[in-house]
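Please read the structure below before turning to the comments.
Side chains included, hydrogens not; waters and symmetry mates left out as well; all remaining heavy atoms used.
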Amino acid sequence: MPDPAPAPADGAPAANAGGLRWLWPGLALGAALRLLSALLSAPTPGDDVGRLVAACRWSEHPEWLGLSGVWPPLPTYLLGALMRIGGEPQGWARALGWVTTTAALPLFFFAIRDLYGDARRAGLATLLLALYYVHIWMAGTAYTEAPYTCVLFASLLCVIRAVRRTGTARARLLFAGGLALALAMLFRHEARLVGLVVLVWLFREAGRGAALRYAIPSLVLLAWDLVDPSRWGAGFADDARVVAGMKLAEVTLHGSRLEALRRWVIMPAGSPSAVVVLLGLAGLWISRRGWRRDLWAWLFAVQTAVFLALTIYPGWQPYLRYLFLYLVCLLPHAALALAAVARRSRWAAVALVVLAMVIQAVAWSRGRNEGRPLGWLPVYRAAAQQAVLDGWVRRHAAKDRVLALEGYPQAWDVYDSVVRIGRCDLLSRFRSVSYDERMKLSRGGRLDFGGYDVVLLNPSSGEFRPAWESLPPGHRVEYQDERLA
């Protein structure tokens, strides 16, 4: 069996580092599946729709929001600017999702091939990413994880290639990788942790000078955050406190730390599937002697450890798209184990890949899509309630101010209906009950309905009863069950 450790960093790539024939199957299949998601997937209630709404609002009233914040505003600028060109807001989100999730595939391939000097391993890892339901699904959403992983893979590719170069070529690659990392930080805060891991790895592989060159763009970005007048004196610590408060509210309202820990098992077992996770852990064991130079293993181990600790305290809630950011770093090792299986029996390797797809399809149908038609596809299928709500919003959007209390998990989203009918200018007439208000209701408080003509209440919400009791006297009830039937 060939040495599974990373290829030497002080020379040219290994002889088998070419092999583009290993890229094309994963790239072609992945691009097609992501196009399917972009065409068929409906916006996912909650954060996905929230990203669209933020961009729609910005497209109506552009303003400078800074470069950082609780949610970095770059995705809002990007989607909002595209929406100002014209066209359907969801169409732009899907176009951006398809481009970035597809572009991530060759970047992932080259970053693995150049680190390990093994095109076959890189091709198998890219195939596993191409078939990863969560990454496919993100092509049809406005989630920031899609562009984030694309630019992050570009950064890792530049760093991995830089350690094999000298002189001007190394300096240019390090600066380009640093710029890509800074760009990733403008999409998601997790890039800061990734950057620290890469800096330590780079210092060990290429020395202090190389690490400093790579860090320059990120240091400039962090320095700007300290003086940016739009931040009003806030900083990363303030953002972290806000996020921690929201995550604590999530635990209080929707679950427990035990439930959060259970997700760490159930969600990866469904996608990318227990098969892929077990292959990945086996691959880590096979390549254990080369861990000191294995950047992908570092990224998987550190990110998993940090966010698992945050799950235990203060109670960070994992979601499929969050776990994807760490599990994707396990795929190179799953590919290593899969290649070892293929050397013994090619049909056994094919059977494992097929089994992984079957597990994902079943888990996706029952979990994400709750048994809806075509729910086994790697897309989000909107609940029947959403279509009913769309019709209601179309009739009432221009004449009523609406407050909505959705259930958990959300089956419908009133903001989605507003975006679907193409009336971003009316978003200000709609509002969902905030976490602070939900916490107040859970503690026996009352909900203020002042200024609203209509209140939408989902009986499946844990805060439905106190919200119902908060309704003012003389209100008129248009009864519909929680399915809006």
Point to revise | Pairwise side chain to side chain donor-acceptor pair (under 3.5 Å) hits with a residue in residues 79-95, at least two apart | key: Q90-D416
Review point. Mind checking what makes ring pair (Phe, Tyr, Trp, His ring centres under 6.0 Å) contact with Y435, not counting sequence neighbours?
Key: none
Listing, residues 26-38 side-chain donor-acceptor contacts under 3.5 Å, not counting sequence neighbours, or none:
residue : atom : partner : partner atom : Å
R34     : NE   : H135    : ND1          : 3.3
R34     : NH1  : G30     : O            : 3.0
R34     : NH1  : A130    : O            : 3.0
R34     : NH2  : L129    : O            : 2.8
R34     : NH2  : H135    : ND1          : 2.8
S37     : OG   : I136    : O            : 3.0
S37     : OG   : W137    : O            : 3.3
S37     : OG   : G140    : N            : 3.4

Review point. Excluding sequence neighbours, so at least two apart, what forms side-chain hydrogen bond (donor to acceptor under 3.5 Å, both in side chains) with Q360?
Key: S271
Exercise for review: Check whether the side chains of S434 and D436 place a donor and an acceptor atom closer than 3.5 Å, and report yes or no.
Suggested key: no
Practice item. Return the set of residues passing side-chain contact (heavy atoms from CB on, under 4.5 Å) with I359 (not counting sequence neighbours), or none when no residue passes. Key: S273, V275, L355
Practice item. Could you tell me whether the side chains of Q386 and S417 share a donor-acceptor contact shorter than 3.5 Å? Key: yes
Exercise for review: From the options L299, L325, V302, select the one residue that forms a side chain to side chain contact (heavy atoms under 4.5 Å, CB included) with V194.
Suggested key: L299
**Study point:** Residues that L222 engages under side-chain contact (heavy atoms from CB on, under 4.5 Å), provided they are two or more places apart
**Key:** M185, R192
Practice item. Apply ring pair (Phe, Tyr, Trp, His ring centres under 6.0 Å) to F300 and list each qualifying residue two or more places apart in sequence or on a separate chain. Key: none
Under 3.5 Å, which donor-acceptor pairs link side chains of residues 155-162 to any protein atom two or more places apart or in another chain?
residue : atom : partner : partner atom : Å
S155    : OG   : G177    : O            : 2.8
S155    : OG   : Y214    : OH           : 2.9
R161    : NE   : D114    : OD2          : 2.5
R161    : NH2  : D114    : OD2          : 3.4

Review point. For W468, which residues count as a ring pair (Phe, Tyr, Trp, His ring centres under 6.0 Å) partner, sequence neighbours excluded?
Key: F464
Exercise for review: Would you check if P466 and L447 make a side-chain contact, meaning some heavy-atom pair closer than 4.5 Å?
Suggested key: no
Point to revise | Inter-residue atom distance T144.OG1 - M138.CE, 0.5 Å rounding | key: 9.0 Å
Practice item. Applying side-chain contact (heavy atoms from CB on, under 4.5 Å), name anything that partners E370, two or more places apart in sequence or on another chain. Key: R372, P409
Review point. Is any side-chain heavy atom of R368 less than 4.5 Å from a side-chain heavy atom of T44?
Key: yes
Check your understanding: Looking at residues at least two apart in the chain, or sitting in another chain, which of them share a ring pair (Phe, Tyr, Trp, His ring centres under 6.0 Å) with W316?
Key -> F307, Y322
Exercise for review: Using the ring pair (Phe, Tyr, Trp, His ring centres under 6.0 Å) rule, collect all pairs that involve residues 175-197, keeping only residues at least two apart or in two chains.
Suggested key: H189-F236
Check your understanding: E437 and K440: salt bridge (charged side-chain N to carboxylate O under 4.0 Å, His left out), yes or no, with the steps?
Key -> CA-CA 5 Å; E437 290 170 315; K440 181 180 177 181; over 6 Å; no
